[in-house]
Each structure stands twice: as C-alpha cells, then as structure tokens.
**Student:** 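One structure coming up, written as structure tokens, with questions to follow.
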2 protein chains.
Amino acid sequence: MEAVQDLPPGTAPGLRTKSQLQRRRRILQAAAALASRGGVEAMQMRTVAERAGVALGTLYRYFPSKMDLVVAVVGEELDMLESSIARRPPAALTPDGRAVDVLMRATRGLMREPELADALIRALILADVELPFGDRMAGLLLRVAGLSEAAADEEQAVLAASLGAVWVQELLEMLRGRRTYEDIQRRIEIAASRLLADFPA
Amino acid sequence: MEAVQDLPPGTAPGLRTKSQLQRRRRILQAAAALASRGGVEAMQMRTVAERAGVALGTLYRYFPSKMDLVVAVVGEELDMLESSIARRPPAALTPDGRAVDVLMRATRGLMREPELADALIRALILADVELPFGDRMAGLLLRVAGLSEAAADEEQAVLAASLGAVWVQELLEMLRGRRTYEDIQRRIEIAASRLLADFPA
DNA sequence: ACCGAAGTTAGAACGGATTCTAGTAAGTGT
DNA sequence: ACACTTACTAGAATCCGTTCTAACTTCGGT
C-alpha cells in the first residue's frame, strides 16, 4: 500500500543499465495491456511478471506493490495527456472553458479503455502516493487556465484543485454507470463556471 | 465488490427475529471497533466474525463482502451525523456558511477515529455501491443550505454534489497527512463560497 | 409435538497479493 | 582475470478474502 520508489527504479534515476530500463518498460507495457482487458483483476502480479518475461520477485523489486505499479501506469497516461495538450492546446476563450476542454479531453481518453480507467482511478484514490492525480491535474488546470503554477495565489490553487476533485468524482460515477459523457460535461461546466469565474482571462 | 442487500439483512427489512438483529448489531460493532484500531487491515473478516461471536459463513451471509460491511459501518456513521445535525442545526446565516459548518462537523467526527475514517472513506470511494457517501452527503448539504432536495434545480444539485466531492478529496488528503484541520476549513470555505454563492439565503 | 425450510457452525479449501529462500547471472573495482 | 556486491530466477510459503461442505439448530406451520 505504500513504499516510495527509493533505490531501484525511481521514475528517472536509479536505473543503471539499459536492460533495466527495458525491463521496466516491458513491465509497464504488460501491465497496461492486461488492465485494458479485464481491469485490475486481470492485471495479476504473476501474469504481469510472466508476460513481461521477468520473475515475480523481480517485478516486486521494480514495483514494491501492485499499487505502485498502477500508479506508474497512470503516470504514463498523464504524460500522454500533457503532451497531447502541448500539441493541441485548448482553444476556448475563457479560463473555465479551457479547463473544461482539458478535462473532457482526458475523460474521452479514459473512456476509450474503461477497464483500465476504472482500475487506474480507483487505485489512485487509494494510493498513499505523493503527488498522484490530484496535484498533477490541478497543476495542469492552472496552466490551461492561464496561470503559471508559481504565479497562482492560494485561493486560485484551491479552486483549481477543487475542480480536479469534482472531475475525479464524476469520473468515478461514470465508471459506476451512473453518468454519461454528456452528464459529465454539463456538470463539469457548471462547477467550472463557478470555481474559475474570476480567473484572469 | 457488489451484491445488493437483497434477502438476508437489508438495513431495514429482512431481519426476522430479534436474535438476527442482535447478530447484525454485534457484527457492526465488532467491525467498527476493529477498524478504529488498525484500520481496514485490522478489520479482517475472520476477526470480525470471531469477535462478534458468529461463524465466518454467517458473517458472509449478513454481509456478502467486506465492502458491504464497510458500507454498512459508514451508513451508521452518517446516521449519527444526520441526527447530530437535527439536534443542533448549523447556525450560520448564509447557505455556504451552514454547509461549511456541517462539513467541518463531519470532519471533526471522522478525525476522532482516523483509522476508521481512513478505512471507511477509501472503501466507500471504491465501492460499487448505490447511494453511498456522495449522494447522501450532497442531499444533506442541500438541506442545510436551505433547499428541500425536491425543490433544488439541477444546477443546485450539481453544485451541492461538487462541494461534497471537494470535501471528500480534502478528507483523503488529510488522511494522507497532507492537510491539517485548519487547511481543510480554509479550503472548504473557499470552495463553498464559490459553489454556493447564489443559493437563496 | 413433528416436519421441512432456512439459518448457523466449525472448518477445510481456493485464489491472488506479497514474502522468503537458495541458487544463478551480471556488473564493478582492482 | 578475480573477487564481490547486486540483480535476477524459480519456486515454495504465508496471509487474507471468499467459497464450499456437512452437520446442527431454530422457526413457522400443522
């Protein structure tokens, strides 16, 4: 449930050799592939290890718990979202419009692999991890709202984080089958228009 | 992970005899006691059964999964919050002030048993359950904000639910040790003042 | 008071995450 | 090249949620 990436494979440092980087990549890829089939259940540690071609013990050396593995997979998804946004930035004219744009783009991305999304979101919420979804998503929202993270005052940071929280909950409701894409859009728009109302255009 | 309380012990109906009600009570009490020690981990099904003086199989007849058990425990906590609010309604003059009052009262209640709170919140977020926290809390917020649930239009319902979502996330951050009580209060106030701004006084 | 259905019990059994062990391979410094 | 620390492997072992089994009890109807 915890365990900080200390020595072995911190996202950046700690990987000495090329083969270790490749092992890590293979593991993440196997994990994502399995999860996008049957969700967390299908993503069994033994299966991941087998499919990645490493021993179970090695898998646990790279990712001390299943949660750590899930978190790493999510990290990759977020990387993809961020680069997608860099490539094609939200075009809306208001800060809240841009925020909604980004959130709905993320929603569509996650909807494409519902099992994966379900597994990832839930795991994230559970994780004791530092800087999981919340913070990264809030930072992203601040940026698309037009503020560098450094320039935001506390109130703005709180509001951006709040919008992130609302989105996460809506996503969860969607995964439970209680929201459609359109529901989410409407609800996020309502919340965003209030929360980001007085952000500088 | 699912299983609706169908025949055996629905919160209200289905319990025929007095001894069944008492069994249910003993189980819930044992579960809460264990969870308020070591959290979910300490609340092992075998241990709960033992401490409640029932067989493991019986425990599973009453609560088809650990999650169902957790949800039931949370339900009781929410009952207590609601009756506390009925006894001493929030006194603030504005709708958002009253909402903050209720949320912070709930926060204090949960802080008293952090392990329990942690277990419960996380489990709830994960649960596939109908009408768990979110809805009940949102309804409660609507009511203290001064609207009967029936009278609220969709926008108001969304805003109340959003505030509930923000609160849940803040609670999670607190349980992760990343927020103090004062942090939460400040942040909830900020979010509430935006989200409930134009509610009728 | 008696019967069958439903509820309970003790305990074994199963599945998947995590841990542990002993031995083998790879990488580093001298 | 040699010694040594570190990484990896195969597999057994442990822990806990959940399921299953067979026998025992309790309850409602007669």
Side-chain angles (χ1 to χ4, degrees), chain A residues 1-3 5-10 13-27 30-31 34-35 37-72 119 122-123 126-128, chain B residues 1-3 5-10 13-27 30-31 34-35 37-72 119 122-123 126-128:
Chain A
M1 267 289 217
E2 354 65 33
Q5 319 268 87
D6 35 57
L7 307 161
L15 282 306
R16 319 167 176 288
T17 77
K18 190 173 304 182
S19 67
Q20 284 178 312
L21 273 171
Q22 295 186 329
R23 260 195 210 93
R24 182 168 206 276
R25 218 178 294 294
R26 263 185 294 140
I27 291 173
L34 287 167
R37 289 266 168 285
V40 231
E41 300 129 44
M43 178 178 145
Q44 299 175 194
M45 295 303 264
R46 283 180 234 263
T47 318
V48 172
E50 191 180 331
R51 184 142 166 178
V54 302
L56 186 55
T58 304
L59 172 53
Y60 272 94
R61 167 185 281 275
Y62 279 70
F63 300 96
S65 76
K66 184 169 179 172
M67 188 76 82
D68 291 85
L69 180 51
V70 171
V71 168
R122 294 186 186 221
L126 288 214
D128 268 327
Chain B
M1 265 291 219
E2 356 63 34
Q5 319 267 87
D6 36 57
L7 307 161
L15 282 305
R16 321 167 175 286
T17 77
K18 190 173 304 183
S19 66
Q20 284 178 312
L21 273 171
Q22 294 187 327
R23 258 194 212 96
R24 183 170 205 275
R25 220 180 293 294
R26 263 184 294 139
I27 291 173
L34 287 167
R37 289 265 168 285
V40 231
E41 300 129 45
M43 178 178 146
Q44 298 175 196
M45 295 304 264
R46 285 179 233 263
T47 318
V48 172
E50 191 180 331
R51 184 143 166 177
V54 303
L56 187 54
T58 304
L59 172 52
Y60 272 94
R61 166 184 281 275
Y62 279 70
F63 301 96
S65 78
K66 185 169 179 173
M67 189 73 83
D68 291 86
L69 180 51
V70 172
V71 169
R122 294 186 188 221
L126 288 214
D128 266 330

**Student:** Provide a list of protein-nucleic acid N or O atom pairs under 3.5 angstrom, restricted to nucleotides 12-17 of chain D.
**Tutor:**
unit_1	atom_1	unit_2	atom_2	d
D:dC16	OP1	B:Gln44	OE1	2.9
D:dG17	OP1	B:Lys66	NZ	2.7
D:dG17	OP2	B:Met45	N	3.2
D:dG17	N7	B:Arg46	NH2	2.9
D:dG17	O6	B:Arg46	NH2	2.7

**Student:** Could I get the full list of side-chain contact (heavy atoms from CB on, under 4.5 Å) partners for A:Arg26, not counting sequence neighbours?
**Tutor:** A:Arg23, A:Ala52, A:Val54
**Student:** Looking only at heavy atoms, which two atoms of A:Ser65 and A:Tyr60 are closest? And how far apart?
**Tutor:**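 Looking at all heavy atoms of both residues, the shortest contact is CA-CE2, 4.3 Å.
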**Student:** Please identify each residue that fulfils side-chain contact (heavy atoms from CB on, under 4.5 Å) with B:Ala35, with sequence neighbours left out.
**Tutor:**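 With neighbours one apart ignored, the set is B:Met43, B:Leu116.
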**Student:** Who pairs with B:Arg51 by side-chain contact (heavy atoms from CB on, under 4.5 Å), at least two apart in sequence or on another chain?
**Tutor:**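 With neighbours one apart ignored, the set is B:Ala30, B:Ala33, B:Leu34.
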**Student:** Return no unless some side-chain N or O of A:Tyr62 is found under 4.0 Å from OP1 or OP2 of D:dA7.
**Tutor:**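 No.
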**Student:** What's the CG-P distance between B:Leu59 and C:dA10, to the nearest Å?
**Tutor:**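 Those two atoms, CG and P, are 13 Å apart.
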**Student:** Identify the heavy atoms of A:Ile27 and A:Phe63 that sit nearest to each other, and give their distance.
**Tutor:** CG2-CE1, 3.6 Å
**Student:** Check whether any side-chain N or O of B:Thr58 sits under 4.0 Å from OP1 or OP2 of C:dG7, and answer yes or no.
**Tutor:** no
**Student:** Rounded to whole Å, how long is the line connecting atom NZ of B:Lys18 with atom P of D:dC27?
**Tutor:** 12 Å
**Student:** Would you mind reading off the distance between A:Glu50 atom CD and C:dA17 atom P, rounded to a whole angstrom?
**Tutor:** 13 Å
**Student:** Nearest-Å distance, CZ (A:Arg24) to C1' (D:dA7)?
**Tutor:**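 Distance check: A:Arg24 CZ to D:dA7 C1' gives 16 Å.
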**Student:** Look at the side chain of B:Thr17 and decide which nucleotide, out of D:dC27, D:dC8, C:dT9, has an atom nearest to it.
**Tutor:** D:dC27
**Student:** Take the protein atom CZ of B:Arg61 and the nucleotide atom P of D:dT25, then report the distance between them rounded to whole Å.
**Tutor:** 17 Å
**Student:** Are A:Lys66 and A:Val48 close enough that some pair of their side-chain heavy atoms sits under 4.5 Å apart?
**Tutor:** no
**Student:** Is the distance from OP1 or OP2 of C:dT8 to the nearest side-chain N or O of B:Gln20 less than 4.0 Å?
**Tutor:** yes
